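Index from 1, following the sequence. Owing to the predicted nature of the structure, the values given are computational and were not obtained by experimental measurement. As a basis for the values below, the full set of heavy atoms in this structure was taken, side chains included, without hydrogen atoms, waters or symmetry mates.
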Amino acid sequence: MAAISGHCTFRSHQFPLSFTVPVASSSSFYGEALRSSSVSLASPPSVHRSLISCQASSAASPPSSSVNGTAKGGMKDFLHISDFDKATIMKILDRAAEVKAQLKSGDRSFAPFKGKTMAMIFAKPSMRTRVSFETGFFLLGGHAIYLGPDDIQMGKREETRDVARVLSRYNDIIMARVFGHQDILDLAKFSSVPVINGLTDYNHPCQIMADALTIIEHIGQLEGTKVVYVGDGNNIVHSWLLLASVVPFHFVCACPKGFEPDKETVEKAQKAGISKIEITNDPKEAVKGADIVYSDVWASMGQKEEAAHRRQVFQGFQVDEALMKIAGPKAYFMHCLPAERGVEVTDDVIEAPNSIVFPQAENRMHAQNAIMLHALGL
C-alpha cells in the first residue's frame, strides 16, 4: 500500500485527506472497483461517502457512487442500480407508476421540471432513449437539449471532464448514452449536477428500471419472479445482475459458452445473497417455469462486424414458439428493442398476446421520469 496525503478539491469545497491506494492485481473493471473502495479518509462519515465516489471513477462498475452521498447538495447521480438500496429502488418504481397514471389520465398540471433544462449526450444514437427522455422531460415541464455524436465528440474534440463542467453550468441535469463506462463515471465525477446513465457498454440501468416497472404491472410484483434472459451476456444482463443484488428474484442467463456476462459482476450478485443467480448454456432447461423470457440482439452496436459469426454461435438460442411453450403458458416475453426479427426472436413470439415488448418500451419514459425526479430531489 502506498500512503498519499494532500487536498482534494471536491465540488466547491476543499477537504484535507489521507488515503491509501491498493496495488491492483487484476485489470478487471469490477475487481478494480472493489479494490479501489478500500479508502481511509480523515473526514466525517458524510464527507467520507462523497469522497469515495470522487475516487471511484477509475473502475467500470464501482460498488458505490455519489448517488447515496450528499456531494451534489441532495441531488443524486443514477449510474448503477446497485448504488441504491431496495427501499429506494421500489420508491422510484412506485413514483413511476404514480406519474404514469397522471400522464395517462391527460392531466398535465404536474410540471416539476418547469424552468429546468437537461443536456442529452449521445455518443450512440437511439430512438427510444432520445424520445423517451426528451418527451418525458417536456411533459413534466422541462426542456431537453440533444447533443449528437458530432456535436461534442466527447473525449476526442474535448475532454470529458471539461464537457461535464461546462454543461453543468448551463443545465440542471445531464443524461449520457456512451460507449465506454469510464465516460459516464468521469461525467459524474466532474459534473456539479446529476448525471443519468442512458447506457454504456457495461450497463443499462434505465432499461432495467423500465423492465421492472413492466413486470410489476403485469405480474403484480418483481420479488419472487423468475426472469430468464436468453442470448448474449451483455450490458442488459449486467444491469439485471445488479438489480438482483438489491431486490430478491430468480435470475437466469442462458448464453453460449464464451459469451457469459462479466464474471465479477456475477460474483457480486451471488455474494449479495439476495437473489438466486444462475448462468447456464442450456436455454431449454433455463426457461422452465419462467415468468419472463427476455431477449436482446446477439450483436450490439459496435459488434456488427461479428454478426455473421455470432449467428452461427448462437444457434439454439433463438426465442421461438417452441421455447416459449417450454417456459409455460403464463410466461411473458420481453425485449429491450430494437429487435432483429427472425434472428434472436421470431416474429410470432414478438407479436404474441403474451409479448409485453411495447408496454415495456413505453415504460422507458415513465421509469426515467421517476429516476430524474429522484435525482433532482423533487
Side-chain angles (χ1 to χ4, degrees), residues 29 57 60-61 77-81 118-137 144-164 166-167 171 173-191 194-211 229 231-240 242 259 261-262 265 294-307 310 335-340 343-344 357 360-361 363-365 367-368 371-372 375:
F29 271 162
S57 64
S61 182
D77 300 318
F78 192 85
L79 307 180
H80 322 88
I81 292 176
M118 171 173 60
M120 302 189 303
I121 300 171
F122 282 84
K124 284 185 174 184
S126 170
M127 177 180 75
R128 270 156 298 281
T129 300
R130 178 180 178 178
V131 176
S132 59
F133 267 106
E134 190 166 341
T135 302
F137 204 68
I145 302 163
Y146 174 78
L147 299 166
D150 296 327
D151 293 322
I152 296 181
Q153 295 183 340
M154 192 170 67
K156 296 179 181 179
R157 180 173 173 270
E158 189 166 4
E159 288 193 25
T160 303
R161 57 183 172 176
D162 294 344
V163 171
V166 169
L167 291 180
N171 299 278
I173 189 169
I174 297 169
M175 185 282 296
R177 178 182 168 91
V178 296
F179 287 91
H181 195 70
Q182 188 63 47
D183 287 337
I184 202 75
L185 297 176
D186 287 345
L187 277 172
K189 176 179 177 179
F190 290 101
S191 169
V195 172
I196 309 297
N197 180 355
L199 174 142
T200 72
D201 286 345
Y202 175 74
N203 70 339
H204 197 355
C206 290
Q207 177 66 59
I208 270 52
M209 289 293 282
D211 297 343
Y229 175 97
D232 182 31
N234 59 16
N235 52 2
I236 292 292
V237 177
H238 294 157
S239 286
W240 272 114
L242 295 180
F259 292 87
D262 175 67
T265 304
Y294 195 116
S295 185
D296 189 10
V297 291
W298 292 342
S300 300
M301 197 176 299
Q303 300 174 327
K304 296 305 180 184
E305 70 281 357
E306 304 175 25
R310 284 175 174 248
H335 194 300
C336 54
L337 300 179
E340 292 191 65
V343 181
E344 76 275 2
V357 166
Q360 175 188 3
N363 279 338
R364 281 290 301 277
M365 182 178 77
Q368 289 160 188
I371 288 166
M372 292 186 288

Treating H238 as the side-chain partner and D262 as the backbone partner, does any N or O pair qualify as donor plus acceptor under 3.5 Å?
yes

Should Q368 and S132 be marked as a side chain to side chain donor-acceptor pair (under 3.5 Å) after you check the CA-CA gap, both sets of side-chain angles, and the distance that decides it?
CA-CA 8 Å; Q368 289 160 188; S132 59; 2.9 Å; yes

Check whether more than 12 heavy atoms from other residues, nucleotides or ligands sit under 6.0 Å from atom CZ of R128, and answer yes or no.
yes

M118 to N171 - nearest heavy-atom pair and separation:
C-OD1, 3.8 Å

Spacing of I152 atom CD1 and L167 atom CG [to the nearest 0.5 Å]
5.5 Å

Which atoms form the tightest heavy-atom contact between I196 and I371, and what is the distance?
CD1-CG2, 3.9 Å

When you check the side-chain N and O atoms of Q360 and H335, is any donor under 3.5 Å from an acceptor?
no

Is a side-chain donor-acceptor pair under 3.5 Å present for T265 with Y202?
yes

From CH2 (W298) to CZ (F259), nearest 0.5 Å
11.0 Å

Going from CZ on R161 to CE on M154, what distance comes out if it is rounded to the nearest 0.5 angstrom?
13.5 Å

Checking side chain to side chain contact (heavy atoms under 4.5 Å, CB included) for the pair V163/E159: CA distance, chi angles, key distance, verdict?
CA-CA 6 Å; V163 171; E159 288 193 25; over 6 Å; no

Step by step, work out the side chain to side chain contact (heavy atoms under 4.5 Å, CB included) result for D183 and I121.
CA-CA 11 Å; D183 287 337; I121 300 171; over 6 Å; no

Without swapping roles, check the side chain of T200 against the backbone of V178 for a donor-acceptor pair under 3.5 Å.
no

Quick check: closest heavy atoms across I184 and V195, and the distance to 0.1 Å?
CD1-CG1, 3.9 Å

Could you tell me which non-hydrogen atom of F179 sits nearest to which non-hydrogen atom of A123, and how far apart they are?
CE1-O, 3.5 Å

Start with the C-alpha distance between D232 and R310, add both sets of side-chain angles, then the distance that settles side chain to side chain contact (heavy atoms under 4.5 Å, CB included), and finish with yes or no.
CA-CA 9 Å; D232 182 31; R310 284 175 174 248; 3.1 Å; yes

Answer yes or no on whether R130 is positioned over the face of Y146, meaning its NZ or CZ is under 6.0 Å from the six-membered ring centre and within 45° of the axis.
yes

If I take atom CG from residue N363 and atom SG from residue C206, how far apart are they, to the nearest 0.5 angstrom?
13.0 Å

Search all heavy atoms of A339 against all heavy atoms of E344 and return the closest pair with its distance.
CA-OE2, 3.4 Å

Rounded to the nearest 0.5 angstrom, the CE-CG distance for M120 and L147 is 8.0 Å

Any F78 side-chain heavy atom under 4.5 Å of M372 side chain:
no

Within-4.5 Å side-chain heavy-atom neighbours: F190 and D162:
no

Determine whether D150 and Q153 satisfy the following criterion, side chain to side chain contact (heavy atoms under 4.5 Å, CB included), listing intermediate values before the conclusion.
CA-CA 6 Å; D150 296 327; Q153 295 183 340; 4.1 Å; yes

Interatomic distance, C336 atom SG to I208 atom CD1 [nearest 0.5 angstrom]:
7.0 Å

What I want to find out is whether D201 reaches K124 closely enough, with some N-O distance under 4.0 Å, to be called a salt bridge.
yes

Would you call T129 and F122 a side-chain contact if the rule is heavy atoms closer than 4.5 Å?
yes

How far apart are the closest heavy atoms of V297 and N234, and which atoms are they?
O-ND2, 4.3 Å

